[in-house]
Amino acid sequence: QVQLVESGGGLVQPGGSLRLSCAASGSIFSFNAMGWYRQAPGKQRELVAQITSGSSTNYADSVKGRFTISRDNAKNMVYLQMNGLKVEDTAVYYCKASAIIRQYWGQGTQVTVSS
């Protein structure tokens, strides 16, 4: 019974910053990887950033240098620091936990970048 809850979304101006949080009901260290995905209207859900249990990270090319994923195992939290936000970053952002044979998703949090 894994539950993931995202928070921190909102409305920001281009160039602004947001910090998304994902709270897990269980130990995030038990998962192979934690990740952030996003889905914009009319588009497929895409990987934004991922961090493994060994702290290896990878990012979508579109967010490299602007977004940073991190985790706090003691607090069972995963974060996504988003800087230099662009209008095209507007989407619903989802937290995902990946286990060996199962994946878990949060409910999503809306990020809107607009002037």
Side-chain angles (χ1 to χ4, degrees):
Q1 298 183 16
V2 176
Q3 184 175 14
L4 304 174
V5 180
E6 303 98 329
S7 62
L11 173 65
V12 296
Q13 293 182 283
S17 298
L18 281 176
R19 182 181 175 88
L20 304 184
S21 298
C22 174
S25 60
S27 175
I28 61 174
F29 192 73
S30 65
F31 297 101
N32 294 329
M34 301 293 297
W36 287 96
Y37 287 69
R38 68 186 180 188
Q39 186 167 24
K43 299 187 65 177
Q44 298 292 312
R45 188 172 298 186
E46 64 175 350
L47 173 69
V48 176
Q50 178 179 285
I51 184 167
T52 69
S53 59
S55 297
S56 177
T57 59
N58 64 279
Y59 300 88
D61 289 340
S62 60
V63 307
K64 287 181 179 177
R66 299 189 297 121
F67 292 8
T68 303
I69 187 171
S70 62
R71 58 171 166 79
D72 187 330
N73 292 333
K75 297 181 179 179
N76 296 137
M77 298 286 289
V78 180
Y79 307 97
L80 184 68
Q81 179 66 47
M82 305 186 294
N83 299 323
L85 284 162
K86 304 175 180 179
V87 172
E88 48 264 48
D89 293 319
T90 296
V92 176
Y93 284 70
Y94 299 89
C95 180
K96 186 180 82 171
S98 298
I100 298 296
I101 60 173
R102 191 182 298 273
Q103 298 178 340
Y104 303 91
W105 293 89
Q107 82 287 352
T109 184
Q110 177 71 49
V111 172
T112 302
V113 185
S114 177
S115 59

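Here the structure is a predicted model, which means the values were calculated and not measured.
When side chains are defined from C-beta on, Val113 does not count as touching Leu18, because their heavy atoms never get closer than 4.5 Å. Inter-residue side-chain proximity for Thr109 and Ser7 is flagged as unmet; no heavy-atom pair is nearer than 4.5 Å. In this structure, the side chains of Met77 and Ser21 come closer than 4.5 Å at one or more pairs of heavy atoms.
Applying the side-chain hydrogen bond (donor to acceptor under 3.5 Å, both in side chains) test to Ser62 and every residue at least two apart in sequence or in another chain returns Arg38. A search for side-chain hydrogen bond (donor to acceptor under 3.5 Å, both in side chains) contacts involving Lys64 returns Asp61, not counting sequence neighbours. Among residues two or more places apart in sequence or in another chain, the side-chain hydrogen bond (donor to acceptor under 3.5 Å, both in side chains) test is passed with Ser53 by none. Residues meeting the side-chain contact (heavy atoms from CB on, under 4.5 Å) test with Ala97, sequence neighbours left out: Leu4, Phe31, Met34, Tyr104. For Val87, the side-chain contact (heavy atoms from CB on, under 4.5 Å) test picks out Pro14, with sequence neighbours left out. Not counting sequence neighbours, the partners of Arg66 by the side-chain hydrogen bond (donor to acceptor under 3.5 Å, both in side chains) test are Asp89. Remark: Ala40 engages Lys43, Ala91 in a side-chain contact (heavy atoms from CB on, under 4.5 Å) (not counting sequence neighbours). Here Tyr37 pairs with Trp105 under the ring pair (Phe, Tyr, Trp, His ring centres under 6.0 Å) rule; sequence neighbours left out.
Annotation: the span from Thr52 atom OG1 to Asn58 atom CG amounts to 8.5 Å, rounded to 0.5 Å. Once rounded to the nearest 0.5 Å, the distance linking CG of Leu11 with CD of Gln13 reads 8.0 Å. Taking CG of Leu20 as the start and CZ of Phe67 as the end, the distance is 8.0 Å to the nearest 0.5 Å.
Of the candidates Arg45, Gln110, Gln107, Val92 forms a side chain to side chain contact (heavy atoms under 4.5 Å, CB included) with just one, namely Gln110.
Under a cut-off of 6.0 angstrom, the local environment of CD in Glu88 is crowded, with over 12 non-hydrogen atoms contributed by other residues, nucleotides or ligands.
Remark: the backbone N or O of Ile69 is paired with a side-chain donor or acceptor of Tyr59 at under 3.5 angstrom.
Legend: salt bridge (Lys or Arg N to Asp or Glu O under 4.0 Å) pairs involving residues 2-20, not counting sequence neighbours: none detected. For residues 26-35, no pair satisfies salt bridge (Lys or Arg N to Asp or Glu O under 4.0 Å), with sequence neighbours left out. Screening residues 32-115 for disulfide bond (SG atoms under 2.5 Å apart) gives Cys22-Cys95 as the qualifying pairs, with residues at least two apart or on separate chains.
Linking Ile, Leu, Val, Met, Phe, Trp and Tyr whenever their side-chain heavy atoms come within less than 4.5 Å leaves Val63 and Tyr94 in two separate clusters. No chain of hydrophobic side-chain contacts below 4.5 Å, direct or via other Ile, Leu, Val, Met, Phe, Trp or Tyr residues, connects Tyr79 to Trp36.
The two residues Gln81 and Ser17 have their closest heavy-atom pair at NE2-CB, 4.0 Å.
In this structure, Ile101 shares a hydrophobic cluster with Ile100, the cluster being traced through Ile, Leu, Val, Met, Phe, Trp and Tyr side chains under 4.5 angstrom apart.
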